[in-house]
Amino acid sequence: MQIDPNRLIYNPALRTDRRVLVTGGAGFLGSHLCEALLARGKEVLCLDNYFTGRKQNIAHLTAHPGFELLRHDITHPLFVEVDQIYNLACPASPVHYQYNPVKTIKTSILGAIHTLGLAKRVKARILQASTSEVYGNPTVHPQPESYWGNVNPIGVRSCYDEGKRAAECLFMDYHRQNGVDVRIARIFNTYGPRMLPDDGRVVSNFVVQALRGQPLTVYGDGSQTRSFCYVDDLVDGLIRLMEQDGLVGPVNLGNPEEFTILELAELVREMTGSRAEIRFLPLPADDPVQRRPDIALARERLGWEPKVPLREGLRRTIDYFDDWLRENPLDGPRTPPEA
Ligand code: NAD
Ligand code: UDP
């Protein structure tokens with residue numbers, strides 16, 4: 001067969017946005033994102049080191065012709081050809097990110113440097129999964145993107161908070177200095193199926209405790225607040241931000257309905273029909289007192305707002321964990337492996 005050499009010459013006009021790298025793709029959010037991208041006709045390269053992610057989360061995608069899996073640790077550079085990058089690799093639960101805090105901050109900072117370097121090289125658009133934690137214990141409520149935050153730089157949460165803040169800085173500097181096409185999403189507490197049952201985050205903890213008939217562990221007096229976004233809404237917001245031209249961000253993505261942690265515990269007890277007691281335990285250090293996103297920017301520029309109310313999202317999450325516990329009746333707490 002004759003090969004026409006002209007067809008082998010790189011033509012930027014023929015560039016597509018089809019090939020997408022998702023770092024942290026085997027995790028909770030990442031696995032839902034991979035699924036949604038495949039459903040939109042993208043080719044997905046899912047990268048993970050399986051620290052908190054599981055092959056089980058993406059097992060149903062492996063037969064898809066557009067799906068590819070890569071075991072890689074993002075603290076090391078990588079060379080792949082892609083058109084878009086979603087950088088999600090980083091443990092997100094306080095229990096997991098405090099397990100090896102040095103590794104956590106390396107993952108945020110080196111992960112940002114390596115994915116941004118890749119984006120620069122292959123001219124890919126790149127989205128950073130940042131977090132409401134950049135606002136720390138906020139003194140402005142609800143939190144708009146213009147708020148600079150109130151973060152303890154030397155506390156037990158700072159490996160995560162400061163790592164994500166440094167990553168935002170790197171994203172903006174690669175954008176200003178090198179013209180990299182970046183997007184920054186500030187994600188607020190998101191929940192749903194495929195969270196780890198012993199993830200340590202509040203929704204999965206309460207649901208699993210209630211289903212097992214164990215006491216629901218409320219830290220502090222439960223008066224601290226959070227706003228809970230269902231995973232499908234969040235993934236829709238991430239994709240809209242990636243696809244939107246001319247909007248770098250940061251953009252808050254979260255559900256603006258705010259609940260106290262005690263209200264959440266009572267709702268989970270009611271919805272599971274559990275008679276388990278509520279047990280009050282000491283509040284962890286630097287636990288933010290209140291958190292609620294101002295999503296005016298996402299509404300205006302992305303036409304995005306969450307659609308799934310807490311009760312509906314909790315119903316789906318409870319059903320998921322109910323099935324999971326039936327299939328894994330003897331599964332005890334899982335200690336994350338050394339990454
Ligand atoms: P998760 O722990 O389920 O997913 C993180 C994934 O990253 C896992 O699959 C893990 O194995 C992988 N990972 C961790 N370190 C890695 C490394 N060094 N190299 C390669 N892979 C690595 O958490 P999640 O809730 O899915 O969060 C995904 C992203 O979204 C994180 O960056 C997190 O900070 C951000 N985020 C999540 C929330 C939320 O409420 N879920 C809120 C704010 C921000
Ligand atoms: N929390 C709780 N019991 C738990 C787990 C968490 O009361 O079993 C509280 C925690 O102290 C915090 C809130 O729930 O005030 C949300 O915690 P999570 O770890 O889910 O997320 P983050 O603190 O990062 O928002």
Side-chain angles (χ1 to χ4, degrees), residues 22-34 46-55 57-58 70-76 78 86-98 100 103-104 106-108 110-112 114-115 127-134 137 157 160-161 163-164 167 185-192 194-196 198-209 215-229 231 234-235 238 252-254 259-262 264-265 278-291 336-337 339:
V22 179
T23 78
F28 159 54
L29 291 183
S31 61
H32 287 273
L33 177 62
C34 289
C46 167
L47 174 156
D48 212 291
N49 73 346
Y50 305 112
F51 175 50
T52 51
R54 291 182 301 185
K55 284 191 186 154
N57 286 344
I58 32 95
L70 177 63
R71 178 190 278 268
H72 182 82
D73 191 307
I74 204 63
T75 56
H76 301 284
L78 79 157
Y86 288 85
N87 186 35
L88 272 61
C90 184
S93 154
V95 174
H96 291 155
Y97 69 63
Q98 289 169 26
N100 186 343
K103 175 78 189 200
T104 298
K106 279 185 181 172
T107 295
S108 271
L110 294 175
H114 295 146
T115 50
L127 181 147
Q128 165 70 355
S130 190
T131 167
S132 52
E133 287 285 322
V134 301
N137 189 15
R157 292 175 85 104
Y160 184 72
D161 301 6
K164 290 286 186 177
R186 288 187 181 153
I187 303 171
F188 284 64
N189 298 61
T190 301
Y191 69 98
R194 299 196 203 128
M195 295 180 90
L196 290 172
D198 59 344
D199 180 286
R201 283 179 275 189
V202 69
V203 174
S204 43
N205 268 13
F206 285 176
V207 170
V208 171
Q209 288 164 344
L216 274 67
T217 52
V218 170
Y219 303 157
D221 62 6
S223 63
Q224 70 272 34
T225 67
R226 293 293 187 275
S227 307
F228 300 102
C229 187
V231 60
L234 195 277
V235 164
L238 289 179
N252 287 340
L253 294 177
F259 297 85
T260 68
I261 294 305
L262 195 53
L264 177 73
I278 289 180
R279 184 171 294 168
F280 292 92
L281 296 176
L283 191 66
D286 294 336
D287 200 287
V289 172
Q290 54 182 0
R291 185 184 288 157

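Indexing begins at 1, ligand by ligand and atom by atom, following the structure's order.
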| message | Polar contacts were defined as any N/O atom of the residue lying under 3.5 Å from an N/O atom of the ligand; does this apply to G53 and ligand 1? | response | yes
If we number the atoms of ligand 2 from 1 as shown, the ones under 4.0 Å from a heavy atom of G200 are 5 (C)
- prompt: Does S130 come within less than 4.0 Å of ligand 1, judged by its heavy atoms?
  reply: yes
Touching ligand 2 at all, S132? Heavy atoms, strictly under 4.0 Å?
no
A student comparing F28, Y160, Y86 should find that the heavy atom closest to atom 36 (N) of ligand 1 comes from Y160
Quiz item: Under 4.0 angstrom from ligand 1, any heavy atom of E133?
Solution: no
Numbered in order shown, the ligand 2 atoms found under 4.0 Å of a heavy atom of N205 are 4 (C), 5 (C), 8 (O)
Note: D73, heavy atoms under 4.0 Å from ligand 1, region reported as both
V218 heavy atoms within 4.0 Å reach ligand 2 at atoms 7 (O)
A student comparing V134, N87, L238, T52 should find that the heavy atom closest to atom 1 (P) of ligand 1 comes from T52
When you compare ligand 1 with T190, is there at least one nitrogen or oxygen pair between them that comes in under 3.5 angstrom? yes
Inset, instruction - Return a yes/no value for I74: is any of its N or O atoms, backbone included, closer than 3.5 angstrom to an N or O of ligand 1? - result: yes
* Check whether any heavy atom of R157 sits under 4.0 Å from an atom of ligand 2. => yes
Within 4.0 Å of some non-hydrogen atom of G27, the atoms of ligand 1 are 3 (O), 4 (O), 8 (C), 9 (O)
So for H96, does at least one of its heavy atoms come nearer than 4.0 angstrom to any atom of ligand 1?
no
Does at least one non-hydrogen atom of M195 fall below 4.0 angstrom from an atom of ligand 1? no
Can a non-hydrogen atom of Y191 be found less than 4.0 Å from any atom of ligand 1? no
If we number the atoms of ligand 1 from 1 as shown, the ones under 4.0 Å from a heavy atom of Y50 are 11 (O)
- Message: I'd like to know if D48 contacts ligand 1, where contact means a heavy-atom distance under 4.0 Å to any ligand atom.
- Response: yes
Compute the shortest N/O to N/O distance between T75 and ligand 1 and return yes if it is under 3.5 Å, no if not.
no
Closer than 3.5 angstrom, by distance alone: can the side chain of T225 be matched with the main-chain N or O of F259 as a donor-acceptor pair?
no
Ligand 2 to R291, heavy atom cutoff 4.0 Å, flagged ligand atoms 22 (P), 25 (O)
Closest to atom 5 (C) of ligand 2 (heavy atoms only, candidates Y219, F280, F228) is Y219
What one should report as the nearest heavy-atom pair of E133 and P288 is OE2-CG, 4.3 Å
heavy-atom search around atom 21 (O) of ligand 2 in the protein gives N189 ND2, 3.4 Å
* **ligand 2 contact by P94, heavy-atom criterion under 4.0 angstrom** => yes
In this structure, atom 10 (C) of ligand 2 is nearest to the protein heavy atom D287 OD2, 3.3 Å
Heavy-atom closest pair (L216 atom, Q209 atom, distance to 0.1 Å) is CA-OE1, 3.2 Å
